[in-house]
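The structure under discussion appears below in the form of structure tokens.
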Number of protein chains: 2
Amino acid sequence: MIQKNSADCAEKCVIREILDVIGGKWSIPIIHTLFDGTKRFMELERSIPGINTRMLVKELKNMEANGIVERTVYPTVPPTVEYTLTEKGKQLEPVIHELHNWGSKFVSKEKKPSLK
Amino acid sequence: MIQKNSADCAEKCVIREILDVIGGKWSIPIIHTLFDGTKRFMELERSIPGINTRMLVKELKNMEANGIVERTVYPTVPPTVEYTLTEKGKQLEPVIHELHNWGSKFVSKEKKPSLK
DNA sequence: CGGAATCCCTCAAGATACTG
DNA sequence: CAGTATCTTGAGGGATTCCG
């Protein structure tokens, strides 16, 4: 039996932190795109339909701050910036896989009312 | 065309749907509490420090609409309402486990700047 | 090209008070 | 007890313009 108080809260807090990283609207699409390998800023922008500049910048900064992606700047003119998944970021694969696995079993087979 | 393939977009959409279910601030704590078994409304409220009535109701309704929990009403006075994880809800365990597993490897060891 | 700065809007989330 | 009903705040997200 799991301990029900302090350790319990800690576990929830950890998951909260994770969701702060991958819970954003564009986090998964970005990570998913970067699974293919290093991408430039504009490549990401083009690879992810619907995202806008500000959101991409914001998410990338958040991910960088959380050690998910690495940002590399090449001093060219015009500037070249590349984004790569870190080891920490790459290890999100089983998480996303499990998410997708659960989803393929249940979600989108039914209709969700989306009550407001 | 623009996308690599259509299954790619579908996959992302599915994960989006999942995060709509478990991405809420209180979703995981509630699910986690319900892993212990059926709980009454007030038991949930007491088991989850910091949550307020409105949020608990809202999350539970959302989860019920998504087939994660089942709501059972007993016609007593005062009313008795019980919440139980459905099979679909129970199968979130590997997902949460994988989330936690990733988190315990990386999160909370470093410090997150939480830049704005 | 890769952002930063601004403005704007919607909605998640919180605090309380009330009710069948 | 198990919720509604309101009001309020703030964060997340979007569109656009500007800059080195």
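These numbers come from the heavy atoms of this one structure, side chains and all, not from hydrogens, waters or symmetry mates. Labels below follow one simple rule: chain letters A, B, ... track the order of the sequence lines, proteins then strands, and each chain is numbered from 1. Everything numeric here is computed off the predicted structure, so don't read it as measured data.
Considering A:Ile68, A:Leu44, A:Thr84 as possible partners of A:Leu34, the one that fulfils the side chain to side chain contact (heavy atoms under 4.5 Å, CB included) test is A:Leu44.
If you take CD1 of A:Ile28 and P of D:dG13, they are 13 Å apart, rounded to a whole angstrom. Summarising the geometry, the separation between CZ on A:Arg46 and C1' on C:dC1 is reported as 12 Å, rounded to the nearest angstrom. Computed from coordinates, the B:Ile30 CD1 to C:dA13 P distance equals 11 Å when rounded to whole Å. Atom pair A:Arg16:CZ and D:dA11:P shows a separation of 14 Å (rounding to whole Å applied). One can place CE of A:Met63 at 14 Å from P of D:dG12, the figure rounded to the nearest angstrom. In this structure, A:Arg71 places its CZ atom 8 Å from C1' of C:dG3, rounding to the nearest Å. A straight line from CZ of A:Arg40 to P of C:dG3 spans 10 Å, rounded to a whole angstrom. One can place CG of B:Leu56 at 13 Å from P of C:dA13, the figure rounded to the nearest angstrom.
The side chain of A:Met42 has C:dG2 as its nearest neighbour among D:dT4, C:dG3, C:dG2. Listed nucleotides: D:dG12, C:dA12, D:dG3. Nearest to the side chain of B:Lys58: C:dA12. Among the nucleotides D:dT4, C:dG3, C:dC1, the one closest to the side chain of A:Val81 is C:dG3. Of the candidate nucleotides C:dA4, D:dG3, D:dC1, C:dA4 has the atom lying nearest to any side-chain atom of A:Lys61. In this structure, the nucleotide among D:dC1, D:dG3, C:dG3 sitting nearest to the side chain of B:Pro79 is D:dC1.
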> Can A:Glu70 and A:Thr86 be said to form a side-chain hydrogen bond (donor to acceptor under 3.5 Å, both in side chains), step by step?
Replying inline: CA-CA 6 Å; A:Glu70 189 182 2; A:Thr86 62; over 6 Å; no
> Are B:Arg40 and B:Thr80 close enough, and set up right, to give a side-chain contact (heavy atoms from CB on, under 4.5 Å), and what steps lead you there?
Replying inline: CA-CA 7 Å; B:Arg40 296 185 61 175; B:Thr80 303; 3.5 Å; yes
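Looking at heavy-atom distances under 4.0 Å, A:Tyr83 makes contact with sugar-phosphate atoms alone, never a base.
In this structure, A:Ile18 CD1 and B:Ser104 OG are separated by 8.0 Å, a value rounded to the nearest 0.5 Å. Here the straight-line distance linking atom CG of A:Leu85 with atom NZ of A:Lys39 works out to 11.0 Å at 0.5 Å rounding. The distance from the CH2 atom of A:Trp26 to the CG atom of A:Leu56 is 10.0 Å, given to the nearest 0.5 Å. Going from atom NE2 of B:His97 over to atom CG of B:Leu92 covers 14.0 Å, rounded to the nearest 0.5 Å.
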Heteroatom pairs (N/O) under 3.5 angstrom, protein to nucleotides 14-16 of chain D:
from: D:dG14; atom 1: OP1; to: A:Lys25; atom 2: NZ; distance (Å): 2.5
from: D:dG14; atom 1: OP2; to: A:Trp26; atom 2: NE1; distance (Å): 2.7
from: D:dG14; atom 1: N7; to: A:Arg54; atom 2: NE; distance (Å): 3.3
from: D:dG14; atom 1: N7; to: A:Arg54; atom 2: NH2; distance (Å): 2.9
from: D:dG14; atom 1: O6; to: A:Arg54; atom 2: NE; distance (Å): 3.0
from: D:dG14; atom 1: O6; to: A:Arg54; atom 2: NH2; distance (Å): 3.2
from: D:dA15; atom 1: N6; to: A:Arg54; atom 2: NE; distance (Å): 3.1

